[in-house]
Structures are given as structure tokens and as C-alpha cells.
2 protein chains.
Amino acid sequence: MAQSDLREVSGKDDRIRARRLRETQNIFARLPATYAASRKQGQQILKRAAGLSIVEWRTLWDLAEVGPLTIRELALIQRTDHSLLSRALPDMRRKGLVEMRRDEEDGRQTIVELTTAGREAFDQAAPFMKRRREAMRAQFTPDELALFASFLDRFDDFLSQPIDDFLNEESAE
Amino acid sequence: MAQSDLREVSGKDDRIRARRLRETQNIFARLPATYAASRKQGQQILKRAAGLSIVEWRTLWDLAEVGPLTIRELALIQRTDHSLLSRALPDMRRKGLVEMRRDEEDGRQTIVELTTAGREAFDQAAPFMKRRREAMRAQFTPDELALFASFLDRFDDFLSQPIDDFLNEESAE
DNA sequence: AAAAATTACGTGACAAGTCATATATTTTTT
DNA sequence: AAAAAATATATGACTTGTCACGTAATTTTT
């Protein structure tokens with residue numbers, strides 16, 4: 001590679017580094033990678049600890065904490081779409097982790113309940129997931145964590161706004 | 001529905017609310033919903049503004065700012081897997097947004113470059129995306145935003161740690 | 001009571017990510 | 001220079017999420 005080429009590429013590398021760095025301040029731009037890393041870490045721990053997927057873990061946790069729940073309620077707690085659970089639950093039943101039965105009082109609803117095996121799988125994964133939360137929390141002071149959560153609250157509020165509310169405003173500069 | 005049932009269900013609703021509230025303090029648990037909402041908002045704006053997907057927008061933006069880039073470099077900037085781009089780019093070429101050519105100096109690499117149409121699509125979407133970033137930033141002071149980003153830095157650092165580093169430690173209580 | 005509206009769930013189709021593995025090309029080692 | 005290692009890309013398979021739409025059951029309105 002010629003001398004001039006070297007200089008050229010290095011200028012490009014600088015521009016790449018600069019762009020990467022700038023995007024670090026852009027919350028929208030960095031959220032995907034942060035979420036992906038968090039998901040990956042969770043999947044890794046759950047797989048090793050109890051052979052569970054994230055959806056399975058969340059569901060077992062909710063059922064262990066709250067007791068029997070409908071699909072709608074599980075989706076509400078997990079802030080996710082009911083279809084995700086609608087698809088995951090039959091598999092979980094097949095694995096013996098949960099029982100599902102039609103609600104006697106409201107025939108539209110399905111009541112999901114932990115089995116003994118489901119409780120055991122939860123008990124097996126729970127200490128590992130707890131250690132993970134503790135290790136994460138140890139990186140922050142309690143005040144910082146509360147502030148972090150409040151920033152996410154504010155960010156969520158912004159995201160729940162109709163887009164026309166800000167798209168039609170004049171640009172700041 | 002009988003009186004006793006009403007009381008029972010209301011207790012359950014309280015437990016659901018309590019669980020939902022508690023999970024608000026759990027960064028791991030709320031990240032999926034926040035990310036999903038952010039993605040949805042971006043998709044909505046991009047679709048309306050220029051008929052672009054998120055991956056397409058990011059790629060056009062990077063190319064517009066930095067100039068021609070290889071797939072590897074695009075993935076590096078976007079902090080994502082190269083396979084995502086490997087799949088998206090042929091579509092973008094078909095739509096006339098980018099050109100792709102084999103690097104003469106390194107036959108493994110593909111150089112991606114903006115076309116005129118790609119630049120136009122970028123110019124069309126950019127003001128909307130800018131307004132979005134401004135509207136988001138308006139919810140925070142500059143100090144808060146910097147702090148928010150630094151919290152994400154710290155969270156990312158935690159996530160990049162090998163899981164054994166904390167799984168094998170003793171639990172805090 | 002019948003009609004209309006709402007709600008719960010299932011399912012198809014898609015987007016945005018991941019990983020693993022194969023292949024071609026370069027680069028490094030011997 | 002040949003062999004070995006590393007790198008860039010393509011591709012298949014999977015997970016987690018979305019929305020839209022259909023159907024059955026319940027609730028509300030008329």
C-alpha cells in the first residue's frame with residue numbers, strides 16, 4: 001500500500017471513530033446495541049442456569065410472584081404484545097413448566113399457572129438472575145439508579161407522545 | 001360477579017400493579033419495552049418521511065456523513081452485526097439508494113457508496129429525524145443528557161463483562 | 001332480547017437483532 | 001514459496017419484538 005493511501009485511510013478511520021463517538025451521545029442510536037447486549041447476557045445466564053429463554057424466565061417469574069395470571073395480564077406486566085406469550089405458552093406447557101386452562105367465568109381468557117416443574121426451573125434460575133441484578137446495581141449508587149430509572153421514565157414519556165406533536169413544530173435552528 | 005369474587009380480583013389487580021411498578025426500577029426488565037417503543041417511533045417517522053427502514057436510514061446517514069464505507073465499517077459504526085447489513089444492502093442497491101463495488105485493493109471487501117437517489121432519500125428523512133432528536137433533548141437539560149449517556153456507558157461496561165466474573169461471587173445477602 | 005361494540009386470544013407476516021458456519025481473499029508464519 | 005491464520009462477507013437458523021386481522025366470548029347499547 002502506497003504512502004498516500006495510508007494517509008487517506010487513516011483520515012477515513014478518524015472520521016469513522018469520530019462518527020462512532022458522536023453517536024455515543026445519541027440515545028436513540030445506542031439503545032439497540034445496549035438492549036441487544038442486555039438480552040444476550042440474559043440469554044447466556046438463563047441457558048446455563050436452567051435452559052430457559054427470556055420469555056420463559058419472565059413468565060415463570062411473574063407467575064411465581066403473583067400467582068396464576070391470564071395471557072393479557074402477563075403481557076401487561078411484561079409490557080409486551082400478547083402474541084409473544086400466545087406463541088410461547090403452548091411450548092412451555094409441552095415442557096411441563098405451566099398449566100393452561102380456560103377461565104370458567106370468562107370463556108375468552110386462558111389462565112396460566114405454574115407447575116411444580118415450573119417452580120423448580122424458576123428456583124434454579126432465580127439466584128443467578130439475582131446475582132446479575134446485584135452486580136449491575138453495584139455499579140451505581142442508589143441515587144444514581146433512581147435517576148437512571150427516572151431518565152428512562154422521561155424517555156418513555158417522550159416515546160408515547162404522538163409524533164405529530166413534535167414533527168410539526170419548527171426546528172430549533 | 002359475586003361480591004367475594006370482586007374483592008379477590010381486586011387483590012390480584014393490586015398484586016399485578018405492584019409487580020409492574022417494581023419492575024419499573026429494574027433496568028433489565030424495562031429495557032425491552034423502551035427499545036421497542038423507540039424503534040417503533042423511528043419506523044413510523046421514517047416510513048412517513050421517506051419510506052425507509054431503520055437499517056436503511058442508519059446506513060444512508062453514515063454514508064452521508066463519512067463517505068464510502070465497507071460493510072465491516074458500517075457494522076462497526078452502527079454497533080451491529082455485519083449480517084444485518086449484508087442482507088439489507090442488496091435491497092438498497094435494488095432500490096437505487098447505494099452502489100456496491102468490490103474493493104480493488106482488498107478483494108474481500110465491498111465498498112458501499114451513496115447514489116444521488118440515496119442522498120435525496122437521506123435529505124428527505126434527515127429534517128424529521130433531527131426534529132425528533134431535538135424534541136427528545138428538550139425533555140432534558142444538557143447535564144442530564146450527559147449523565148444519561150454516562151449511565152448507559154456504565155451499563156454497557158457491565159454488559160461487556162464475562163458473566164463468570166459476577167456469577168461466581170457470593171450473593172450480597 | 002337483539003344488535004353492536006369490545007375484549008381475549010391465535011396466527012400470519014414482518015423488522016431487527018443474534019450466532020454459527022462456509023467460502024474467498026489477504027496476511028502472517030514457517 | 002507454501003502452509004497456516006486471520007479477515008470480510010454471505011447465508012441459514014433462531015429469538016424477541018411489532019402489527020393486522022380473524023374468531024369466539026362477553027359486555028354494552030338500543
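Per chain, numbering begins at 1; letters A, B, ... match sequence-line order.
Within residues 52-73 of chain A, the residues approached by DNA chain D to less than 4.0 Å at the level of any non-hydrogen atom are A:Ser53, A:Ile54, A:Val55, A:Arg58, in residue-number order. Listed by residue number, there are no residues of residues 157-164 of chain B with a heavy-atom contact under 4.0 Å to DNA chain D.
In this structure, B:Thr110 reaches the sugar-phosphate backbone alone: every heavy-atom distance under 4.0 Å involves primed, P, OP1 or OP2 atoms, never a base.
Contact record, A:Thr24 with B:Ala149: O-CB, 4.2 Å, taken as the closest heavy-atom pair.
Scanning atom types as modelled, no donor and acceptor separated by under 3.5 angstrom connect the side chain of B:Arg79 and the base of C:dG17.
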Stepwise ring pair (Phe, Tyr, Trp, His ring centres under 6.0 Å) check, B:Phe155 with B:Phe28: CA-CA 10 Å; B:Phe155 191 65; B:Phe28 295 117; 5.5 Å; yes
Salt bridge (Lys or Arg N to Asp or Glu O under 4.0 Å) between A:Glu56 and A:Lys95, worked out: CA-CA 11 Å; A:Glu56 286 170 343; A:Lys95 292 181 191 167; 2.6 Å; yes
CA sep, side-chain torsions, deciding dist, call: A:Ile163, B:Phe128, side-chain contact (heavy atoms from CB on, under 4.5 Å): CA-CA 10 Å; A:Ile163 60 177; B:Phe128 292 90; over 6 Å; no
Salt bridge (Lys or Arg N to Asp or Glu O under 4.0 Å) evaluation trace for A:Asp156 with B:Arg30: CA-CA 10 Å; A:Asp156 283 345; B:Arg30 59 183 302 176; 2.9 Å; yes
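For the pair B:Leu84 CG and D:dT11 P, the interatomic distance rounds to 15 Å; values are reported in whole Å. Distance B:Asp91 CG to C:dC14 P: 12 Å, rounded to the nearest Å.
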Collect all protein-nucleotide pairs involving nucleotides 1-3 of chain C in which both atoms are nitrogen or oxygen and the distance is under 3.5 Å.
none

Under 4.0 Å protein heavy-atom contacts per nucleotide of nucleotides 20-28 of chain C, with B for base, S for backbone only and - for none: -----BS--
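For A:Gln109, taking side-chain heavy atoms from C-beta onward, the closest of the listed nucleotides C:dA8, C:dC19, D:dG17 is C:dA8. Residue B:Arg39 places its side chain closer to C:dA15 than to any other of C:dT11, C:dA15, D:dA10.
Shown are B:Arg15, B:Arg20, B:Arg19, B:Arg22; of these, the salt bridge (charged side-chain N to carboxylate O under 4.0 Å, His left out) with A:Asp62 is made only by B:Arg19.
Residues passing the side chain to side chain donor-acceptor pair (under 3.5 Å) test with A:Arg133: none are found, sequence neighbours excluded.
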Show the atom names and distances, to 0.1 Å, of all donor-acceptor pairs under 3.5 Å that link a side chain in residues 86-93 of chain A to residues at least two apart or in another chain.
| unit_1 | atom_1 | unit_2 | atom_2 | d |
| --- | --- | --- | --- | --- |
| A:Asp91 | OD1 | A:Arg94 | NH1 | 2.6 |

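To the nearest 0.5 angstrom, A:Phe151 atom CZ is 10.0 Å from B:Leu152 atom CG.
Residues A:Ser53 and A:Arg58 have side chains that never bring a donor and an acceptor to within less than 3.5 angstrom of each other.
Place B:Lys40 and B:Met100 on DNA chain D by their nearest nucleotides, and B:Met100 ends up nearer the 5' end.
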